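The structure displayed is predicted, hence computed values, not measured ones.
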Amino acid sequence: MSADFWAGYLSGAAGILIGNPLDLVKTRLQAGPTAASSPAAAAPGQGWRNAGTYVRGIPAPVLGYGALNAILFVTYNRTLKLLHEPDPSSPSTPLGKVFVAGAVGGFASFVVSAPTELVKCRAQVYAHAPSSWTVARDTWRAEGLPGFYHGGVVTGIRDAVGYAFYFWSYELTKRAITSPDDTEHQAALKVLLCGGLAGIATWASVFPLDVIKTRVQTQEYQAGAVSAAVGEQQALLRASVGGGAISLDGTHRQMGAWDITRRAYRTEGLSVFFRGLGICSVRAFIVNAVQWAVYEWMMGLMQRS
């Protein structure tokens with residue numbers, strides 16, 4: 001395997017380990033009222049006393065996001081080479097090509113990010129899904145492989161746009177503040193700063209899409225949570241549950257991204273598409289500062305060896 005594959009894999013896993021507690025809070029804020037009333041959504045004080053709450057859903061993204069990051073960086077670097085830019089970190093590489101390569105890398109990564117995000121979000125939001133493995137098993141039994149790609153189109157668009165801004169903003173800030181005269185300590189601090197700012201820019205550019213994606217992916221589990229909590233008979237009397245709808249014969253009807261968007265806007269207003277952006281920005285700065293630092297460090301080690 002290439003150096004950028006392993007550097008991307010390890011940096012992605014490191015970022016998830018650090019950022020998962022804040023990601024859990026962000027996901028529950030996005031998922032809406034049904035998630036907020038779920039037994040899994042304990043009050044913050046109770047959550048800190050139960051440490052397991054804040055690692056809910058972590059196995060899927062640790063394994064999946066490592067692979068995602070590996071695909072992302074390999075595709076990004078190879079795309080730049082196809083665009084006749086062999087050195088991605090060179091100041092002479094046009095930022096327009098960086099943007100395009102980031103979009104290609106982001107779109108390629110959705111093959112991993114869609115199922116990983118679906119399992120993670122469902123495990124984080126609902127108490128009747130005690131682990132990532134349970135969610136994955138139930139999804140496979142109920143729907144097979146296609147079940148892991150609910151919200152795949154939204155995820156693909158989100159990743160293409162988000163990672164285009166991710167690499168573009170990182171290279172832009174890096175070129176603006178770094179100098180050949182920087183000491184090793186200064187260079188490391190600037191990588192942390194540039195990575196953190198790139199993370200904030202990325203999420204700011206795609207946050208409404210991420211809210212929609214979360215609701216598309218958790219709608220079936222929202223329906224299941226209500227059925228488990230109040231019984232099938234009472235659940236059938238509800239016209240809708242979160243993002244998904246329940247028909248009178250008890251079957252669950254999947255709603256598309258557009259239907260979920262319209263419903264969220266009608267019932268909760270425009271602000272719903274930015275719910276959780278503050279906590280997400282804090283998480284994005286921390287996670288991406290660490291990710292870029294680990295990536296640059298690993299690339300340096302492997303290239304020297």
Side-chain angles (χ1 to χ4, degrees), residues 2-9 11-12 15 65 67-114 152-182 187-210 212-213 273-274 277 280-281 284-285 287-300 302-303:
S2 60
D4 52 357
F5 177 91
W6 289 113
Y9 194 101
S11 65
Y65 199 70
L68 182 155
N69 233 39
I71 293 171
L72 172 67
F73 277 94
V74 169
T75 306
Y76 169 75
N77 290 327
R78 301 305 178 273
T79 302
L80 279 178
K81 287 183 178 179
L82 288 175
L83 295 173
H84 308 292
E85 299 294 340
D87 185 5
S89 61
S90 171
S92 63
T93 301
L95 288 174
K97 290 184 178 181
V98 169
F99 191 90
V100 170
V104 174
F107 189 75
S109 69
F110 108 94
V111 175
V112 174
S113 68
V153 173
V154 178
T155 305
I157 296 171
R158 182 204 67 168
D159 288 350
V161 174
Y163 283 117
F165 279 102
Y166 184 60
F167 288 101
W168 177 84
S169 56
Y170 178 75
E171 288 297 329
L172 178 66
T173 53
K174 185 179 175 182
R175 295 177 192 184
I177 69 173
T178 56
S179 166
D181 300 326
D182 287 341
L189 288 177
K190 288 180 179 180
V191 166
L192 288 169
L193 177 61
C194 293
L197 293 175
I200 293 175
T202 300
W203 282 104
S205 69
V206 296
F207 200 78
L209 283 173
D210 192 60
I212 297 165
K213 178 220 49 102
F273 299 109
F274 299 94
L277 180 57
C280 182
S281 296
F285 187 92
V287 167
N288 290 284
V290 171
Q291 278 189 185
W292 273 109
V294 172
Y295 177 80
E296 298 275 18
W297 177 63
M298 289 295 300
M299 285 293 288
M302 288 188 278
Q303 287 172 348

Here the gap from Tyr170 atom OH to Gln291 atom CD, rounded to the nearest 0.5 Å, amounts to 11.5 Å
Separation between OG1 (Thr178) and CG (Leu189), nearest 0.5 Å, reads 13.0 Å
Exercise. Is the side chain of Thr93 donor-acceptor paired with the backbone N or O of Asp87 at a distance under 3.5 Å, no angle test?
Worked result: yes
Tightest non-hydrogen contact, residues Leu209 and Ile157, listed as CD1-CG2, 4.0 Å
Salt bridge (Lys or Arg N to Asp or Glu O under 4.0 Å) pairs touching residues 152-167, sequence neighbours excluded, are Glu117-Arg158, Arg158-Asp210
Nearest heavy-atom contact between Leu72 and Gly106 is CD1-N, 3.7 Å
Notebook entry, point to check: Do any N or O atoms from the side chain of Arg175 and from the backbone of Ser92 form a donor-acceptor pair under 3.5 angstrom?
Noted result: no
With sequence neighbours left out, the residues meeting ring-ring contact (aromatic ring centres under 6.0 Å, His included) with Phe207 are none
Minimal heavy-atom distance between Ser169 and Ala198, with the atoms involved, is OG-CA, 3.3 Å
Correct closest heavy-atom pair for Ala293 and Leu192 would be CB-CD2, 3.7 Å
For Ser179, the side-chain hydrogen bond (donor to acceptor under 3.5 Å, both in side chains) test, sequence neighbours excluded, returns none
So the side-chain hydrogen bond (donor to acceptor under 3.5 Å, both in side chains) pairs with at least one residue in residues 188-208 (sequence neighbours excluded) are Asp182-Lys190
Sorted by chain and number, sequence neighbours left out, ring-ring contact (aromatic ring centres under 6.0 Å, His included) with Phe73 holds for Phe167, Trp292, Tyr295
* Determine whether more than 12 heavy atoms belonging to other residues, nucleotides or ligands lie under 6.0 Å from atom CZ of Phe107. => no
Contacts of Ser11 meeting side-chain hydrogen bond (donor to acceptor under 3.5 Å, both in side chains) (sequence neighbours excluded), chain-then-number -> Asn69
Closest non-hydrogen contact found for Leu68 with Ser109 is CG-CB, 3.8 Å
### Query
Thr173 and Leu193: side chain to side chain contact (heavy atoms under 4.5 Å, CB included), yes or no, with the steps?
CA-CA 9 Å; Thr173 53; Leu193 177 61; over 6 Å; no
Here the gap from Ile212 atom CD1 to Thr155 atom OG1, rounded to the nearest 0.5 Å, amounts to 11.0 Å
Tightest non-hydrogen contact, residues Gly195 and Asn288, listed as O-CB, 3.2 Å
Where the side chain of Lys97 meets the backbone of Glu85, is there a donor-acceptor pair that is under 3.5 Å apart? no
Interatomic distance, CG@Asn77 vs CG@Leu82, rounded to 0.5 Å, equals 11.5 Å
